[in-house]
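In what follows, every chain begins at residue 1, and chains take the letters A, B, ... in the order their sequences are listed.
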2 protein chains.
Amino acid sequence: MQKLTKREDQIMQLIWQSDGMFIRDIVERLPHPKPHYNTVATIVKILVKKGFLTSEKLGNVDRYNAVVSMEAYRKEDISNIKKKYFDNSFSKMMAHFAKQEQLTDEEIQELIAIIKSKKV
Amino acid sequence: MQKLTKREDQIMQLIWQSDGMFIRDIVERLPHPKPHYNTVATIVKILVKKGFLTSEKLGNVDRYNAVVSMEAYRKEDISNIKKKYFDNSFSKMMAHFAKQEQLTDEEIQELIAIIKSKKV
DNA sequence: GTAGATATACTAATTTATTAGTAGAATTTT
DNA sequence: AAAATTCTACTAATAAATTAGTATATCTAC
């Protein structure tokens, strides 16, 4: 899967959170300094070409929808983190999180419950 | 903290795995197609300027060391993942991992042990 | 239907990232 | 010490990413 550039990523995040967006909506929801309408249009077109988005014409306006799901992209993204920092070891990564987050005992119990419920 | 570009990241990974590298070592350890010596030197100089590396002269050759630790950078990197994909919620992220990774019962037990040992 | 507003295609400018050439200094070999 | 090699500083070319201008089409309100 191709990687998203910073701007592309930012725009994909918005579209993933919605169900279909027009260029004008994207511009509106981007933080200051808002890029030019055509700037966004250009990047959206690149995203269509890369296969991340499809467009559908509503009247004379294009609405864009995600083709690649957030989950699919996220999976890759996280898999890269695991590879890059944790020797591709899931346990190592988890140990890091547990330590990093300075969890309280209650949070740890909660976490254990979550983990168990997902599988057992 | 500034973000690393792809090439910068790749070079930082090598330096983090070592303790101090010369340009020639970096070039040698990069996968094919190996970039030009001066290409690496340029990027290394950018990394010094960004505050990720320091140089020390050994004889007339520069050796480069990490200033920003891998752990510090990794922490940021992971924190962004959490923010970007999991609404900044640690529990949500953990739930995802447990599900995504298709852990066996044993692995889950192991994981729980790891989490407990880190805190309790 | 004319004026004003909005959307898109096309194109190009600008910025950032990556690559590498040339020249000269230092080092090693002969 | 001359020749060959290695390293660096400086500079610039190329490529990728981001930004936005101009022209044209479409719609909306009057």
Quiz prompt | Any residue meeting side-chain hydrogen bond (donor to acceptor under 3.5 Å, both in side chains) with B:Asp19, in chain and number order, not counting sequence neighbours | solution = none
Quiz item: Of all residues at least two apart in sequence or in a different chain, which pass the side-chain hydrogen bond (donor to acceptor under 3.5 Å, both in side chains) check with B:Lys57?
Solution: B:Asp62
Practice problem: Using a cut-off of strictly less than 4.0 Å between a heavy atom of the residue and any atom of DNA chain C, enumerate the qualifying residues of residues 10-19 of chain B by number. | Solution: none
Quiz item: To the nearest 0.5 Å, what is the distance between CG (A:Asn38) and CD1 (A:Ile43)?
Solution: 11.5 Å
Self-check item: Heavy-atom contact window of chain B on DNA chain D, given 5' to 3' at under 4.0 Å
Solution: D:dC7 to D:dA9
Quiz prompt | Nearest heavy-atom neighbours spanning B:Met12 and B:Leu4 | solution = CG-CD1, 3.8 Å
Donor-acceptor pairs under 3.5 angstrom involving side-chain atoms of residues 23-35 of chain B: please list them, not counting sequence neighbours.
unit_1	atom_1	unit_2	atom_2	d
B:Asp25	OD2	B:Phe22	N	3.2
B:Lys34	NZ	B:Glu28	O	2.8
B:Lys34	NZ	B:Leu30	O	2.6

Quiz item: Which ones in residues 28-44 of chain B lie close to DNA chain D, meaning a heavy atom under 4.0 Å from one of its atoms?
Solution: B:Tyr37, B:Asn38
Self-check item: Contacts of type side-chain hydrogen bond (donor to acceptor under 3.5 Å, both in side chains), residue A:Tyr85, not counting sequence neighbours
Solution: B:Asp77
Practice problem: Could you identify which residues of residues 45-57 of chain A place a heavy atom less than 4.0 Å from some atom of DNA chain D, listed by residue number, or say none? | Solution: none
Quiz prompt | First encountered from the 5' end of DNA chain C, between A:Ile23 and A:Lys6 | solution = A:Ile23
Practice problem: Specify the residue among A:Asn60 and A:Glu8 whose closest nucleotide of DNA chain D lies further upstream toward the 5′ end. | Solution: A:Glu8
Could you list the donor-acceptor pairs under 3.5 angstrom formed between side-chain atoms of residues 46-55 of chain A and any protein atom two or more places apart in sequence or on another chain?
unit_1	atom_1	unit_2	atom_2	d
A:Lys50	NZ	A:Lys3	O	3.3
A:Lys50	NZ	A:Glu8	OE1	2.9
A:Lys50	NZ	A:Glu8	OE2	3.3

Quiz item: Going from OG on A:Ser89 to NE2 on A:His96, what distance comes out if it is rounded to the nearest 0.5 angstrom?
Solution: 12.5 Å
Practice problem: Hey, could you give me the CD/CH2 distance between B:Gln13 and B:Trp16, rounded to the nearest 0.5 Å? | Solution: 5.5 Å
Quiz prompt | Gap separating the CG atom of A:Asn80 from the NZ atom of A:Lys75, nearest 0.5 angstrom | solution = 12.5 Å
Quiz prompt | Partners meeting ring pair (Phe, Tyr, Trp, His ring centres under 6.0 Å) with B:Tyr37 (sequence neighbours left out) | solution = none
Exercise. Please list, chain by chain and in numerical order, all residues satisfying side chain to side chain contact (heavy atoms under 4.5 Å, CB included) with A:Asn88, sequence neighbours excluded.
Key: A:Lys82, A:Lys83
Quiz item: Which residues satisfy the side-chain hydrogen bond (donor to acceptor under 3.5 Å, both in side chains) test with B:Glu76, sequence neighbours excluded?
Solution: none
